[in-house]
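First comes the structure, then the notes that go with it.
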Amino acid sequence: MARDYYALLGVSKGASDSEIKRAYRKLARELHPDVNPDQQAQARFQEISVAYEVLSDPEKRRIVDLGGDPLESAGAPGNGFGGFGGLGDVFEAFFGGGSTSRGPVGRVRPGADSLLRMRLDLEECATGVTKQVTVDTAVLCDLCQGRGTHGKSTPTTCDTCGGRGEIQTVQRSLLGQVMTSRPCPVCGGVGEVILDPCNRCGGDGRVRARREISVKIPAGVGDGMRVRLAAQGEVGPGGGPAGDLYVEVHEQQHDTFVRDGDDLHCTISVPMVDAALGTSVAVDAILDGPIEVTIAAGTQPGSVTTLRGRGMPHLRSGVRGDLHAHIDVVVPSRLDHDDIELLRKLKEHRTRDTAEVRSTQSGSTGGGLFNRLRETFTGR
């Protein structure tokens with residue numbers, strides 16, 4: 001069955017545009033991913049966003065009010081009654097007679113949405129980018145302008161169904177007369193046929209074509225996000241209004257940084273002597289170029305140095321996240337004679353430093369960057 005977009009927003013079928021907008025804004029404030037990170041809330045937010053998009057479009061709302069679903073592809077079974085044409089056909093099949101008829105479907109129907117995937121590196125996601133992409137979709141036939149007819153000819157009423165768009169058959173059974181309805185096989189349920197079709201589109205009112213589109217990706221986008229280009233998708237049958245084009249971002253893995261929302265994480269390997277005495281390391285940040293990260297004297301393995309406002313920009317506000325540098329203290333595995341003597345002298349001098357045995361549940365810093373990130377975010 002067609003989705004109940006009114007129920008998704010909690011409004012009546014006769015709701016005004018302002019009432020629909022208020023209902024959507026109220027739900028969006030509760031379910032937006034920036035406010036409610038719950039997975040079910042995010043799925044619900046996508047549902048109400050689709051419902052608002054449909055009901056705020058006069059043409060799509062008209063289709064909903066007529067019992068259809070503008071987001072369902074033309075000709076797809078969506079009534080949920082198997083081989084029956086609708087609820088009226090169910091009653092007709094069991095009780096016979098009846099005058100319920102769906103009537104002809106419109107020859108001009110909305111087009112389907114299109115999806116395009118775009119690969120971006122971390123720098124492009126941080127700065128935003130404008131790219132030219134090639135789209136292969138159905139476009140309006142420039143010869144007949146969507147009419148589907150050749151020259152000045154016009155569609156004529158289908159002789160098979162008499163313009164009803166459906167044909168009915170009556171059979172006798174144990175229940176009496178069984179009447180069923182199905183779309184007319186000649187006109188496809190339209191009720192009209194084009195005897196002199198357009199030479200270019202064959203009567204469909206649209207043709208396949210490749211075209212170049214400029215897509216502007218805003219700064220701060222992340223993997224899986226979609227940018228919507230209104231009316232850039234498939235032109236509908238009969239030259240109907242075009243659907244939307246969605247560009248889905250696929251963020252490529254970076255060699256240095258791991259992204260977590262608006263924050264960036266990296267690992268800095270520091271020799272144990274520099275960790276003990278203190279030093280500074282240059283890091284090539286995404287938006288700021290080389291910046292100095294100060295390693296304080298006595299830095300321990302697994303320590304994290306945070307640089308505020310050096311991460312990714314937020315998609316909507318532009319406020320930048322933080323850059324977290326995870327310190328990995330490197331202990332040399334090979335020592336020459338002089339190195340060994342120096343370390344022995346240091347050990348003799350620092351007699352208070354002794355080995356200690358303790359539980360692995362406290363103070364563990366092993367496992368690398370990703371294990372430390374997991375411990376940070378899960379508290380384990």
Side-chain angles (χ1 to χ4, degrees), residues 34 119-130 217-223 225 249-336 338-340 342-343 345-347 349-350 352-353 362-380:
D34 290 345
R119 292 185 177 273
L120 298 178
D121 56 35
L122 189 60
E123 288 81 0
E124 291 173 325
C125 290
T127 60
V129 65
T130 299
I217 305 296
V221 296
D223 188 66
M225 292 184 179
V249 174
H250 283 232
E251 183 180 298
Q252 295 178 306
Q253 185 176 353
H254 196 270
D255 294 335
T256 302
F257 297 103
V258 175
R259 181 177 180 179
D260 178 53
D262 296 333
D263 291 344
L264 295 175
H265 298 261
C266 67
T267 297
I268 299 179
S269 297
V270 180
M272 68 175 190
V273 175
D274 289 336
L277 300 178
T279 186
S280 62
V281 179
V283 175
D284 192 7
I286 294 294
L287 292 176
D288 306 289
I291 57 176
E292 293 291 327
V293 178
T294 301
I295 310 297
T299 294
Q300 299 298 306
S303 299
V304 180
T305 300
T306 299
L307 284 73
R308 302 294 181 188
R310 298 287 191 171
M312 298 288 289
H314 191 273
L315 179 60
R316 295 174 179 83
S317 66
V319 177
R320 294 176 61 183
D322 302 327
L323 172 60
H324 305 277
H326 299 253
I327 309 303
D328 182 20
V329 178
V330 180
V331 178
S333 58
R334 294 184 180 181
L335 300 171
D336 59 22
D338 294 337
D339 294 335
I340 294 174
L342 288 173
L343 289 176
K345 290 180 180 180
L346 179 62
K347 180 178 180 180
H349 177 70
R350 296 186 62 84
R352 62 182 181 274
D353 294 339
S362 61
S364 174
T365 58
L369 169 62
F370 292 100
N371 280 347
R372 293 198 294 272
L373 288 178
R374 183 178 60 200
E375 294 171 1
T376 300
F377 297 129
T378 63
R380 293 184 295 175

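Heavy atoms only: backbone and side chains are in, while hydrogens, waters and symmetry mates are out.
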Nearest-0.5 Å distance, OG of residue Ser280 to CD1 of residue Ile291: 12.0 Å
Evaluation steps, side-chain contact (heavy atoms from CB on, under 4.5 Å), between Arg259 and His254: CA-CA 9 Å; Arg259 181 177 180 179; His254 196 270; over 6 Å; no
Test item: Val293 and Ile268 side chains (from C-beta on) under 4.5 Å apart, heavy atoms: yes
Closest approach of Phe257 to Leu323 (non-hydrogen atoms, all atoms of both residues): CE2-CD1, 3.5 Å
Derivation of the side-chain contact (heavy atoms from CB on, under 4.5 Å) call for Leu120 and Glu251: CA-CA 5 Å; Leu120 298 178; Glu251 183 180 298; 5.9 Å; no
Residue pair Ile327 / Pro301, side-chain heavy-atom distance below 4.5 Å: no
Minimal non-hydrogen separation, Ala275 against Val329, with atom names: CB-CG2, 3.9 Å
Glu124 CD to Leu122 CG distance, which is reported to the nearest 0.5 Å: 10.0 Å
Atom pair OG1/CE of Thr299 and Met272 - distance to nearest 0.5 Å: 14.5 Å
Closest approach of Leu287 to Gly311 (non-hydrogen atoms, all atoms of both residues): CD1-O, 4.2 Å
Point-to-point distance, once rounded to the nearest 0.5 Å, from CG of Leu343 to CG of Leu335: 6.0 Å
Backbone N/O of Gly298 and side chain of Gln300: donor-acceptor pair under 3.5 Å: yes
Ring geometry between His326 and His265 (parallel below 30°, tilted from 30 to 60°, perpendicular above 60°): tilted
Within-4.5 Å side-chain heavy-atom neighbours: Leu264 and Met312: yes
Side chain to side chain, Leu307 and Asp322, heavy atoms closer than 4.5 Å: no
Side chain to side chain, Val283 and Arg310, heavy atoms closer than 4.5 Å: no
Atom of Asp284, atom of Pro290 and distance for their closest heavy-atom approach: OD1-N, 3.7 Å
Distance in Å, Thr279 OG1 paired with Glu292 CD, rounded so as to fall on 0.5 Å steps: 8.5 Å
Option passing side chain to side chain donor-acceptor pair (under 3.5 Å) with Arg320 (candidates Asp262, Asp288, Asp263): Asp288
Side-chain (Thr294) to main-chain (Ala296) donor-acceptor, under 3.5 angstrom: no
Ile286 CD1 to Cys266 SG distance, which is reported to the nearest 0.5 Å: 10.0 Å
Nearest heavy-atom neighbours spanning Pro313 and Gly318: CB-O, 3.9 Å
Sub-4.5 Å side-chain heavy-atom contact between Asp223 and Val249: no
